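To start, the structure itself, in structure tokens.
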Amino acid sequence: MGTMGRRDWLFVKGRECFLCRRPVAAGHLCPSCSRTLEMWEQEFRPCRRCGRLLRKEYTAELCPQCQEKLPPFRLARAVGPYRGELRRAILELKYRGRRSLAFPLGYLLSRVVAEEPLYGRPQAVIPVPLSSRRFKERAFNQSALLSEELGRFLGLKVLDRVLVKERHTPPQAGLDRPARLQNLQGSFAVVESSSVEGLDVLLVDDVLTTGITAAACTVALLQGGARSVAVVTVATSLC
Amino acid sequence: MGLTHRPALDRRFWELKGYPFMDLVSPCLNLGTAFFLQGYVEERWAAARYRLAKVDSILREASRRWKVPLARRPAPAAEPLPPEEEARLVGRVLSGRILLLEEVGRALGENGVRVTGELADLLHYLYLQGECELWPAVGYDARGVPKCNRCGQGDKLYRASCGACGSTHCYVCEGCLELGEARTCRALYARPRSERDGLFPCRTVSPVLPFSLTRAQEEAALEAKAFVEEGKSPRCLIWAACGAGKTEVAYGALAAALSRGKEVLYTCPRRETTKEIYRRLQQAFPGVEMTVLHGESGSKYTPAQLVAATTHQVLRCYRRFDLIILDEVDAFPLAGDARLYYGLERSLRAGGQILYMTATPLPELAAQARRRRLPVIYLPARPHGYPLPEPQIILARSLRRPTDQLPRQVAECLRTTILEDRASLLVFVPAVDLVARVVDGLLGCREFEGLGEWVKGCHAALPEREEVLEAFRRGEFPVLVTTTLLERGITLSRLNVMVLFAHHRRIFDQNTLVQIAGRAGRTASFPHGKVWLVADRITPEMAEARRIIRSFNRLAFRRGYLEPTGRR
């Protein structure tokens with residue numbers, strides 16, 4: 001949260017678009033960003049289970065990967081594809097540390113959860129954790145920041161210390177699917193089982209590419225006693 | 001009292017200075033909080049005349065006031081100090097800079113300096129010796145309000161839990177994020193440039209120019225030189241007409257400063273302009289050690305006597321320059337950005353000077369000049385000796401109605417430009433969405449249909465912006481509709497300019513209008529370019545812009561700078 005001086009209360013700034021910061025007359029997004037965020041819906045629709053984007057011509061409800069083997073989470077959805085303004089915003093947040101972007105992205109995540117009836121009524125928000133080494137290097141966990149904002153928008157409690165990454169692993173980006181699977185095997189664990197026992201959990205991450213990270217976290221949460229796990233991410237990949 | 005990340009080092013240092021014992025105030029805090037509390041406690045201890053008996057009560061009071069449980073405990077056993085020689089080398093690299101720890105590491109690498117000791121310890125040793133200053137990157141002012149110590153701002157701070165220090169109140173400055181993360185728990189190390197780090201030698205430096213200066217430029221260059229040589233005034237403004245060649249005038253001041261072994265910064269707000277200036281400076285001062293600093297520049301810590309830099313990069317400089325030349329002082333993003341001015345002031349050495357250069361000074365600077373608080377060097381004439389084109393105001397009442405039909409006078413201006421002058425026309429509009437509408441409206445003029453695709457639009461969000469601009473420069477089409485994006489930095493040999501909807505006062509203020517008018521008549525082959533302001537009324541800004549241009553022409557005429565053939 002930013003600091004606010006007396007001057008800011010007296011001279012309230014005009015509204016700015018959450019993403020591009022251009023002035024907007026009403027709402028949180030400028031017409032251009034709104035259009036960009038909704039444009040993918042003309043070409044794609046999400047896989048019913050993993051939420052990765054399928055071309056509209058593709059008639060099956062599940063993507064080929066989910067048809068082969070269903071992921072352990074109940075469902076996953078994203079704000080949009082990992083490109084354009086969304087990609088830029090994620091990169092700014094994750095690699096340049098522009099933490100203030102967590103607020104608009106958290107707002108967009110809350111819209112996704114509110115508009116998708118399949119989410120039902122989750123009881124807690126849990127971020128995908130970083131290893132302690134990465135957390136110390138980066139000084140923040142982007143998923144935890146997103147969870148905090150999402151929890152605030154939805155009025156849900158955020159359990160950011162329940163799920164931990166016990167082992168430091170190389171970044172998933174740039175690895176193929178088998179290598180990703182191998183990379184994360186057994187790296188996540190629930191440290192306080194009592195706090196997730198019997199809960200419908202909403203797992204938050206910035207990007208869902210193959211779904212392996214989300215699946216590994218889900219397995220750990222289910223083993224820790226969670227009743228079900230649904231995933232929400234800012235961006236997702238195309239199938 | 002001091003701060004430390006390793007008390008054992010401090011213990012050794014103070015033992016060598018003859019202090020037999022040292023206490024530590026615990027708990028271990030993040031740097032920003034520790035720095036603030038140190039200041040608070042020290043102030044009270046000084047008031048108590050540094051009596052040891054008072055320390056505990058002061059700590060108790062500070063604990064109550066700031067809700068941090070402060071207590072004294074014995075310091076750990078002493079550890080050896082880092083190598084003196086290495087600390088000296090680090091100090092030399094840090095000279096004139098304000099850097100984060102990892103930036104110091106990069107600076108050492110870039111300068112080929114290898115150290116065996118822990119870098120944080122070496123820097124701390126310098127701090128203990130009083131050879132460098134240490135601040136938290138984001139600290140607190142006396143009232144406990146957080147503030148970034150790199151860019152000086154407090155309005156773009158974000159508070160979050162920090163994985164590095166473990167605090168839940170670690171502030172990050174997003175105002176200067178592009179230079180690396182400034183956080184409460186990170187240290188900024190600064191060292192003013194001084195004689196002990198070595199100065200550049202005094203020798204005669206004079207600019208090499210492939211052309212001779214005009215009388216107007218020569219007189220202004222002499223004044224600029226005198227400003228540096230006399231050193232009476234800390235600030236000066238070169239107020240030049242658009243296209244009058246103010247950079248060459250600044251060479252006078254530059255040469256005077258370089259001859260005296262001074263370090264000089266030439267800074268502009270935009271990266272492209274900085275690169276261009278660097279090329280020109282290299283040609284004009286071939287024997288001078290020079291470097292360029294911008295977001296994409298490979299080396300950022302090379303020592304140099306003359307530095308061309310974007311204003312953002314100056315935030316890494318500390319008490320370094322004797323002379324700063326600030327070009328396009330009113331241009332985005334410098335205008336209205338307090339942090340960049342803060343950085344400029346801080347990069348100046350004690351007794352240093354700033355030379356502002358612009359065609360359109362910001363109101364504060366212009367007011368200071370009018371009140372004679374700021375010396376001004378005027379350069380009112382262009383090298384070709386013709387007066388500046390004065391704007392012609394075209395009143396078109398039809399602009400009041402929301403219609404896509406353009407006023408009939410616009411077609412008249414098109415005819416003059418394309419058929420009579422055989423020139424190009426740059427049409428400025430106040431908003432991006434008007435670009436396409438005006439292009440469509442102009443295409444409605446049937447008489448130019450034979451020219452093919454004769455009008456195009458260009459704005460900041462257009463992906464093929466550079467290609468369109470290049471094609472316009474090459475003369476592939478005669479009319480370009482644009483936003484204020486192109487108010488600076490475009491020069492065409494035969495160009496007329498039109499401002500449509502010039503009554504939009506927020507967009508077209510007097511400075512913007514003067515800059516736009518400055519696009520016309522820049523070359524000797526077409527010195528009488530035309531400037532049309534098409535509006536539904538005459539705004540004060542339009543009148544003021546016209547007055548400024550006229551006053552430049554009058555001054556140039558009075559001083560005899562205009563060619564006899566050029567006088568109108």
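Values in this document were obtained by computation on a predicted structure and should not be read as measured data. In what follows, chains carry the letters A, B, and so on, assigned in the order in which the sequence lines appear, proteins first and then strands, with residues in each chain numbered from 1.
Between B:Ser161 atom OG and A:Asn141 atom CG the span is 10.5 Å, to the nearest 0.5 Å. The distance from atom CD of B:Glu174 to atom CD of A:Glu92, rounded to the nearest 0.5 Å, is 9.0 Å. Atom CZ of A:Arg96 sits about 6.0 Å away from atom CG of B:Leu177, to the nearest 0.5 Å. Atom NZ in A:Lys136 sits 9.5 Å away from atom SG in B:Cys165 (nearest 0.5 Å).
Residue-environment remark: CZ (A:Arg133) stays at or below the threshold of 12 foreign heavy atoms within 6.0 Å. With a 6.0 Å radius and a threshold of 12 heavy atoms from other residues, nucleotides or ligands, A:Arg88 has its CZ atom above the threshold.
Using a 4.5 Å cut-off on side-chain heavy atoms (C-beta onward), B:Glu181 and A:Phe140 make contact.
Within residues 99-108 of chain A, the residues having any heavy atom less than 4.5 Å from a heavy atom of chain B are, in residue-number order, A:Arg99, A:Ser100, A:Ala102.
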